[in-house]
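Bear in mind the structure is a predicted one, so any value in this text is a computation, not a measurement.
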Amino acid sequence: MTAGGRVTLGVLVDSLGPEVARPLALPRGREPLVGSPVIYDPEETPAGLDGAALLVTGRPSAEILARAGESRVAAVFVKPGTRDPATLAAAAEAAGTALLAVPPELSWGQLYSLIDALLALVGPAQDPGGTRAADLFALANEVARKVGGAVAIEDLAMRVLAYSTVEGQRIDDLRKEGILGRRVPEHPTNAEEYSGVLRADGAVWSYTPREFYPRLAIAIRAHGEALGTIWAVQADQPLASDAEVALIEAAAAAAPHLARINLAADEARRRRDECLGWLLRGVGAVDELATSFGLLPGEPLTVVTLGPYAGAADAFAAAHAADMLRTAYLAYRIRAAAGVARGRAYAIVAAEAGAPLLRRITLDTLARVSERLGGGWRAGLGRTAESVGGVPAGARQAEEALRAVCGPFAQEPVGAHEELSAALFLMDVDAALRPKPSLYGEPLDLVSGHDAKHGTDYVRSLTVWIGAHYDVPRAAELLSLHPNTLRYRLRRIGELIALDDPDTRLVLALQLRLSGATKAGG
C-alpha cells in the first residue's frame, strides 16, 4: 500500500530485501507509512521527521531511538557494529519506532538513493483504481518464485524499477550494483544485449557479460511498443522448465504498470524541467517558482551545471545526471532544484559557491555519473546569487565555468566561476588567435626553427624557465642541468629573440601556453 508519496513499512522492507535492511524491531507492525529518508544530524534539533526514514550514520544508542520516537519517525536504519542488537531492539520497541539493521558494506548514500528511488517510483504511479507501482515488487517476487531465480524489472533506460527479494536466491555483482545504483552498470555489451531482447518475440537467453550468471530476459510491450524488460538470473540451479511461459505472463502483467509509470514520470519531469528553465532564465513569478522547489526567494543560491568532458549529453544522460545530483544534495539535507534545461543537467542549490561541502558533494557525484554514463563529466559553478533574482546571471556563469573546466586550461573536474578567470581569458585569446598566423609566428617560430635545424632543446628550456617564474636554479633543477648550462642556453636564445624585452617574454609565454608546449614541457 502507498499514500501521499509514502510507502508502507512492509512494502519498504520487502522491496529493500534482507540483504539491504534486516528488521530488528517492528513495534507497530508493517502498516505505518514511511516517507522521505533523512540523514540523522546530532547537532540539529529534530524537526519535520514525522513519518521519515531516519539514517543514523554514527553510533546508534537508546537515546537516539527515544528522540526518534518523540519525533514520530517511522523507521530508523542503523549499523549496530559492536552494539547489542537486542538492546537496540528493546529501545526501539519502547520508543514505538521500527528499527532496521544495515550491512556495514552498504554506504549510507546508497541506502538513501534506494529509499528515495522507491518513493519516486511509487509516488507518481498512484491511480484511482488502487494499482500501485509497488505492485511491481510483488510481481518480481512472484515471478522469481515461479522461475526459481532472482528477477529484475527495468525500463528502457535500464533503470531498475523493481527487483525480487526471495530468500535463498543468489545474485551476482552485476545485479547487486544495479540494485544499489538503481540502474544497470555500464558495460560494452549492453547495447547489443538489450537490442537482442527488444527484437525478440519471446524470452531469450543472455550469456554476456560472461563473467556473470546467465539471464533469461523478455521485453515488456503494450500495443507493440516496448516499455521495458524483465530479467531472471540463473544461478547454481537451472531455471524452471516453464520459465519462459512465466516471463511471458509477467511481461503482460507488468505492461500497464510501466505505461502508467512512464506517463506519470514523463509528465512530472517535463513540468519540473519547465519550471526549472523559467527560474534559470528569470521568467515568470520567480519567487513562487523558487518556493515550489523548497527554496527561499531571499536566500543565497548557487547554480551548478554538469556536462561530459567531450561532446553533448543525450536526453537520458542529462536527466540521470540531474537525478543523481538532486539525490546527492538531499542526502546532506541541502535544498536544491535539479533537472534538465537547455539539454544539460542543472541544479539551483541553497549554498554558497565556495562551501567545501558543496564542492565535495558535486565532485563525488561527478565520479558516479562518469562511472555509470562514461564521458568523464565535469561541473561548473556560478557565483553565489544573493537571491533568486540573481539566478539567471549565476546560470550564465556556471555555463562559462563548465566551458572552462572542459577546456585545455583548467585541471580540476569541478570549477567555480570566480576561480576560472585566467582559464576563460586564455580560452578567449586562443579562440581569437587560433586562425591567425601570429599564434605560431615570432618570437616562438624563431626558437622552434632553431631547434628543428640544429637539434637544440631551446623551446623546452624556455617552457620550464618561464613555468619556474624565470628562476634559473629552479628551472635548471627541473631540466636536470647545471644552472650555468641553462644561463648559457638563455644567452644563446637571446641572440635569436629579444629575451630581455618584457613584451617579448609576455608574447612568448602566451604562445607557449596556447600551443600546448607549456603543458607538454611541464
Side-chain angles (χ1 to χ4, degrees), residues 6-7 9 12-13 15-25 34-44 46-49 51-65 67-68 71 73-83 85 88-89 91-92 95 97-121 160 163 165 173 176-183 185 320 323-336 338 347 349 351 355-369 371-372:
R6 298 187 176 192
V7 62
L9 181 58
L12 179 64
V13 170
S15 300
L16 293 176
E19 291 188 354
V20 173
R22 179 170 55 87
L24 298 179
V34 184
S36 299
V38 175
I39 301 290
Y40 175 72
D41 186 349
E43 302 299 324
E44 291 189 10
L49 298 181
L54 191 66
L55 280 53
V56 179
T57 59
R59 184 178 172 85
S61 66
E63 179 185 358
I64 292 175
L65 291 168
R67 294 178 68 187
S71 301
V73 168
V76 177
F77 292 79
V78 299
K79 295 182 180 180
T82 57
R83 299 303 305 270
L88 293 174
T97 185
L99 180 66
L100 297 101
V102 179
E105 64 272 14
L106 180 68
S107 75
W108 291 110
Q110 287 174 320
L111 178 60
Y112 188 105
S113 298
L114 281 172
I115 298 173
D116 186 64
L118 176 63
L119 294 174
L121 170 65
V160 179
Y163 50 89
T165 55
D173 290 340
K176 287 179 182 178
E177 187 177 347
I179 290 173
L180 294 176
R182 302 299 296 190
R183 186 174 188 269
H320 191 60
D323 287 344
M324 293 181 71
L325 202 58
R326 177 184 63 86
T327 300
Y329 292 142
L330 287 177
Y332 286 86
R333 304 181 74 176
I334 296 176
R335 288 172 291 105
V349 190
L357 181 59
L358 177 63
R359 175 72 65 99
R360 180 163 62 83
I361 295 172
T362 306
L363 186 61
D364 291 345
T365 304
L366 280 183
R368 293 199 303 275
V369 172
E371 180 181 352
R372 294 196 174 279

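Using a distance-only test at 3.5 Å, with no hydrogens or angles considered, no donor-acceptor pair links the side chain of K79 to the main chain of W108.
Partners of V56 according to the side-chain contact (heavy atoms from CB on, under 4.5 Å) rule, which considers only residues two or more places apart in sequence or in another chain, are Y40, L54, I64, V76, V78. Legend: residues meeting side-chain contact (heavy atoms from CB on, under 4.5 Å) with R368, ordered by chain and number and at least two apart, are M324, A328, D364, T365. Residues passing the side-chain contact (heavy atoms from CB on, under 4.5 Å) test with R83, sequence neighbours excluded: R59, P60, S61, L88. Checked against side-chain hydrogen bond (donor to acceptor under 3.5 Å, both in side chains), Y329 has the following partners two or more places apart in sequence or in another chain: T362. In this view, L357 and Y332, I334, R360, I361 satisfy the side-chain contact (heavy atoms from CB on, under 4.5 Å) rule, not counting sequence neighbours.
Taking each heavy atom of L65 and A91 in turn, the nearest pair found is CD1-CB, 3.7 Å. Residue V20 comes nearest to P103 through the heavy atom pair O-CD, 3.2 Å, listed as atom of the first residue, atom of the second, then distance. For L111 against L55, the heavy-atom pair with the smallest separation is CD2-CG, 4.0 Å.
Rounding to the nearest 0.5 Å places CD of E177 at 5.5 Å from CD of E371.
Considering L100, T57, L99 as possible partners of F77, the one that fulfils the side-chain contact (heavy atoms from CB on, under 4.5 Å) test is L100.
The environment of R359 atom CZ is dense: over 12 non-hydrogen atoms of other residues, nucleotides or ligands sit within 6.0 angstrom.
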